[in-house]
Amino acid sequence: MSLNLDDVPLNTGADDSAAVSTPARRRMSTTDRKRQLLDGAIKYFARYGIEGQLRNLTKDLGVTHTLLYHYFPTKDALIKAVYQDVFESRWKPEWEKLLDNQKQSPEEKFNAFYVDYSNTVLTYEFVRILIFSGLSDHSISDPFFELLRSRLLPRLIRETRKYYGYESRTKPTQRELELLMGLHGGIFYIGMRRWVYGQTIYDSSNTATDEEIIQDRVRSYLISAQNLFSTKQG
């Protein structure tokens, strides 16, 4: 009789002799088992990085290689699943609709977008896995930044130009992109400071403070951007 891998429990570290008096565990469904393994891998990669060997991951999860490979045949498959769960699934189409809304001012759009963006992505897992990927094979950081370049940055550049009455559809200049990435990176640094350096400098439970900090950074960005368009309008 073949062994069903979903009947294999995660290792709890308990003595095997305890199994005699312990009731049989409920069989875990395929979906639940895969979710459990993926959640464990996300936590592991966020803590140790994505370059670690899978034997260390399975040891940390308390499962066999056979069980892990049953659901994720290769490490690349596991990394792809982590990317889809932690990064792609958090991308909101509403952000693009918000930035395309003609009824709000550019500054209102910037503030609303970055408040929701920071609340959505600046989590322990998101920030640390992105950093670890950038330090290793870029398997997660590259597709995420491509998502930013294709669906977000052009809209933010367009709104910046609109703020100053500059309606050109020309390709963004290097100065425009660098200035925008200064804003974007500065907001992401809130998460780095919290989850990488452990140096939160304000009470993150106060949502009003988060919003005020983002509003300050957006305002500083828009003021700085004036220099980019003053000569073009002259």
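Only a predicted model underlies this, so the values are computations on that prediction, with no experimental measurement involved.
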Pairing residues for T123 by the side chain to side chain donor-acceptor pair (under 3.5 Å) criterion, not counting sequence neighbours = R90
Output every pair passing side chain to side chain donor-acceptor pair (under 3.5 Å) with a member in residues 73-87, not counting sequence neighbours, ordered by first then second residue.
-> R35-D85
Take F188 and Y114 through the ring-ring contact (aromatic ring centres under 6.0 Å, His included) test and state the conclusion after the steps.
-> CA-CA 10 Å; F188 182 74; Y114 273 116; over 10 Å; no
List the atom of S118, the atom of I187, and the distance in Å for their closest heavy-atom pair.
-> CB-CG2, 4.2 Å
Which residues share a ring pair (Phe, Tyr, Trp, His ring centres under 6.0 Å) with W95, sequence neighbours left out = W91, F113, Y117
Under the ring pair (Phe, Tyr, Trp, His ring centres under 6.0 Å) test, which residues partner Y221, sequence neighbours left out?
-> F110
Between CD1 on residue I157 and NZ on residue K171, distance to nearest 0.5 Å = 12.0 Å
Report whether I213 and Y197 are members of the same hydrophobic cluster (ILVMFWY, side-chain heavy atoms less than 4.5 Å apart, transitive linking).
-> yes
Listed partners of K162 passing salt bridge (charged side-chain N to carboxylate O under 4.0 Å, His left out), at least two apart | E159
Just how far is it from atom CG of D60 to atom CZ of R47, taken to the nearest 0.5 Å?
-> 7.5 Å
Among all residues two or more places apart in sequence or in another chain, which pass the side chain to side chain contact (heavy atoms under 4.5 Å, CB included) test with S89?
-> none
Please name all residues satisfying side chain to side chain contact (heavy atoms under 4.5 Å, CB included) with R149, sequence neighbours left out, ordered by chain then number.
-> F145, E146, L153
Output for pair (T160 OG1, L228 CG), nearest 0.5 Å, gives 9.0 Å
S168 side chain to T170 side chain, donor-acceptor N/O pair below 3.5 angstrom = yes
Go through the structure and list residues passing side chain to side chain contact (heavy atoms under 4.5 Å, CB included) with Q53, not counting sequence neighbours.
-> R55, N56
Contact list for residues 214-226, test salt bridge (charged side-chain N to carboxylate O under 4.0 Å, His left out), sequence neighbours left out | E107-R219
May I ask you to check whether Q174 and E178 show a side-chain donor-acceptor distance below 3.5 Å?
-> yes
Only pairs at least two apart or in different chains count here, so list each salt bridge (charged side-chain N to carboxylate O under 4.0 Å, His left out) that has a residue in residues 122-132.
-> none
What distance separates L68 CG from L61 CG, expressed to the nearest 0.5 Å?
-> 7.0 Å
All salt bridge (charged side-chain N to carboxylate O under 4.0 Å, His left out) counterparts of D137, not counting sequence neighbours | none
Got a donor-acceptor contact below 3.5 angstrom from the S133 side chain to the I129 backbone?
-> no
Ring centre gap for F45 and F132 strictly below 6.0 Å | no
Could you label the plane-to-plane angle of the Y124 and W195 rings as parallel, tilted or perpendicular, counting under 30° as parallel and over 60° as perpendicular?
-> perpendicular
Below 4.5 Å, heavy atoms only, C-beta onward: do V86 and I140 meet side chain to side chain?
-> no
List for me each residue that meets side chain to side chain contact (heavy atoms under 4.5 Å, CB included) alongside A112, sequence neighbours excluded, and say none if there are none.
-> L98
Any sub-3.5 Å donor-acceptor pair from E108's side-chain atoms to S105's backbone N or O?
-> yes
With no hydrogens and no angle check, is any side-chain donor or acceptor of H184 less than 3.5 Å from a backbone partner on L180?
-> no
Is it true that E176 and R161 have a side-chain N and a carboxylate O under 4.0 angstrom from each other?
-> yes
